[in-house]
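Here the structure comes first, spelled out in structure tokens, and everything after it is commentary.
Quick caveat: nothing in here was measured; it's all calculated off a predicted structure.
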Amino acid sequence: MPGGRLSQQERQQIASGLADDLPYAEIARRLDRPTSTVTREVMRNGGPVAYRAELAHRATERRAHRRRPATSRGPGAAPHPHGRDAAAVAEYEEQLTAVLVATGVPRMAARVLTVLFTADAGSLTASQLAQRLQVSPASISKAIAFLDGQSLVRRERDERRRDRYVVDDELFYQATIAGARSNDQLVATARQGAAVLGADSPAAQRLENVARFLDFISESILRAAEQARAVLHTRPASPDPDRERA
């Protein structure tokens, strides 16, 4: 069924389609599944290059085994914030985690970042993260160390002197700046190599061109980030009631 869980046979078909360089949309059409289902399945299990049907199937079974049964929403049950669909939120969190992993973020760090992104407060303590993700404090500590090193989270102390890990609008700016600046050492090293190899040699010219290219890209990113910084602090305009009635 299009809405049900993927079977092992379907995962084998996905693997075969990837091996034949078929686009996700074509694989999904052959399975009679939404393209988004195939995309999430592949990205959640190693990406198009590393996807293996058997490993993906076992990983899904392990996740299903770890997942707690959903609690019924009786009259006394606390409603999900803002009336959100809990199942849709959980599915979106898995999708965001898979996309982050595909960009090179380690899986546990991606899970932590996803939880922080989707928390309305934008900040959680280490114990809250461990509880939300059902993992050990050591796993959280390792993930935070990676994210902090990439300028993707910020550490703050709350009123109870507990460390809180924060994602906010300004961190996108800081992470962009840090990413652009990370090219500086490569630019300097390329130019050093050009000097060592002799300015007129093909190898030196190649290295100098690499340095110029990265220099240009970094400066362009820095200028664009500074110009666009205010966008991160812009709030959507309130709907115009008169326009809605019209």
Side-chain angles (χ1 to χ4, degrees), residues 5-6 8 11 36-37 39-73 77-82 84-172 174-175 178-179:
R5 184 176 296 173
L6 287 168
Q8 189 165 0
R11 289 191 167 93
S36 59
T37 297
T39 303
R40 283 195 300 272
E41 167 68 15
V42 174
M43 301 309 291
R44 188 185 297 143
N45 293 287
V49 176
Y51 183 83
R52 299 292 181 273
E54 288 285 343
L55 295 178
H57 196 70
R58 288 202 295 268
T60 302
E61 288 181 337
R62 286 196 300 271
R63 286 194 294 266
H65 182 71
R66 288 198 304 263
R67 220 172 266 141
R68 293 180 177 180
T71 54
S72 59
R73 291 198 174 275
H80 204 280
H82 302 285
R84 295 167 181 148
D85 183 331
V89 171
E91 183 178 359
Y92 171 73
E93 288 176 345
E94 285 198 17
Q95 182 178 359
L96 178 56
T97 298
V99 170
L100 291 170
V101 169
T103 67
V105 179
R107 181 161 184 81
M108 182 52 64
R111 294 183 69 199
V112 168
L113 201 54
T114 292
V115 169
L116 290 171
F117 275 144
T118 55
D120 285 318
S123 69
L124 293 167
T125 65
S127 61
Q128 288 171 330
L129 286 167
Q131 184 176 12
R132 283 280 299 273
L133 295 173
Q134 295 293 295
V135 297
S136 68
S139 297
I140 297 298
S141 179
K142 184 176 180 181
I144 288 294
F146 172 85
L147 295 171
D148 189 34
Q150 300 294 315
S151 301
L152 292 173
V153 296
R154 187 178 72 250
R155 191 188 308 257
E156 290 182 352
R157 283 289 180 94
D158 63 16
E159 66 279 357
R160 295 171 60 183
R161 301 187 61 78
R162 298 174 304 180
D163 282 338
R164 296 189 71 86
Y165 302 102
V166 182
V167 293
D168 61 15
D169 296 335
E170 191 66 14
L171 279 173
F172 284 95
Q174 299 295 343

Legend entry - Partners meeting side-chain hydrogen bond (donor to acceptor under 3.5 Å, both in side chains) with E156 (sequence neighbours left out): R154
Legend entry - Residue Q131 excluded, over 12 heavy atoms near CD under 6.0 Å: no
Inset, instruction - Mark yes when over 12 heavy atoms from residues, nucleotides or ligands other than F146 sit less than 6.0 Å from its CZ; otherwise mark no. - result: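 More than 12 within 6.0 Å, yes.
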Which side-chain N or O atoms in residues 46-56 pair as donor and acceptor under 3.5 Å with protein atoms at least two apart or in another chain?
{"unit_1": "Y51", "atom_1": "OH", "unit_2": "E41", "atom_2": "OE2", "d": "2.7"}
{"unit_1": "R52", "atom_1": "NH1", "unit_2": "V49", "atom_2": "O", "d": "3.3"}
{"unit_1": "E54", "atom_1": "OE1", "unit_2": "Q8", "atom_2": "NE2", "d": "3.0"}
{"unit_1": "E54", "atom_1": "OE2", "unit_2": "Q8", "atom_2": "NE2", "d": "2.7"}

What's the spacing between [X] [atom1] and [Y] [atom2] if we round to 0.5 Å?
X    : Y    : atom1 : atom2 : answer
R58  : N45  : CZ    : CG    : 11.5 Å
L129 : S123 : CG    : OG    : 9.5 Å
L124 : D163 : CG    : CG    : 13.0 Å
L152 : L113 : CG    : CG    : 6.0 Å
L133 : Q128 : CG    : CD    : 11.5 Å
T97  : M43  : OG1   : CE    : 12.0 Å

Legend entry - Closest approach of A98 to R44 (non-hydrogen atoms, all atoms of both residues): CB-N, 3.6 Å
Legend entry - Where V112 and I144 come nearest, the two heavy atoms and their spacing: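 Of all heavy-atom pairs spanning V112 and I144, the closest is CG1-CD1, 4.0 Å.
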Legend entry - Under 3.5 Å: donor-acceptor pair, side chain of R11, backbone of L6: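 Judged by distance alone, yes, a pair lies under 3.5 Å.
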Inset, instruction - Please determine, by modelled atom types, if T125 and R162 share a side-chain donor-acceptor pair under 3.5 angstrom. - result: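 No, no side-chain donor-acceptor contact under 3.5 Å.
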Inset, instruction - Only counting residues at least two apart or in another chain, list the ones meeting ring-ring contact (aromatic ring centres under 6.0 Å, His included) with F117. - result: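 Once residues adjacent in sequence are excluded, the partners of F117 under the ring-ring contact (aromatic ring centres under 6.0 Å, His included) criterion are F172.
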Side-chain touch [X]/[Y], heavy atoms, less than 4.5 angstrom:
X    : Y    : result
V89  : T118 : no
E94  : R40  : no
Q150 : V105 : no

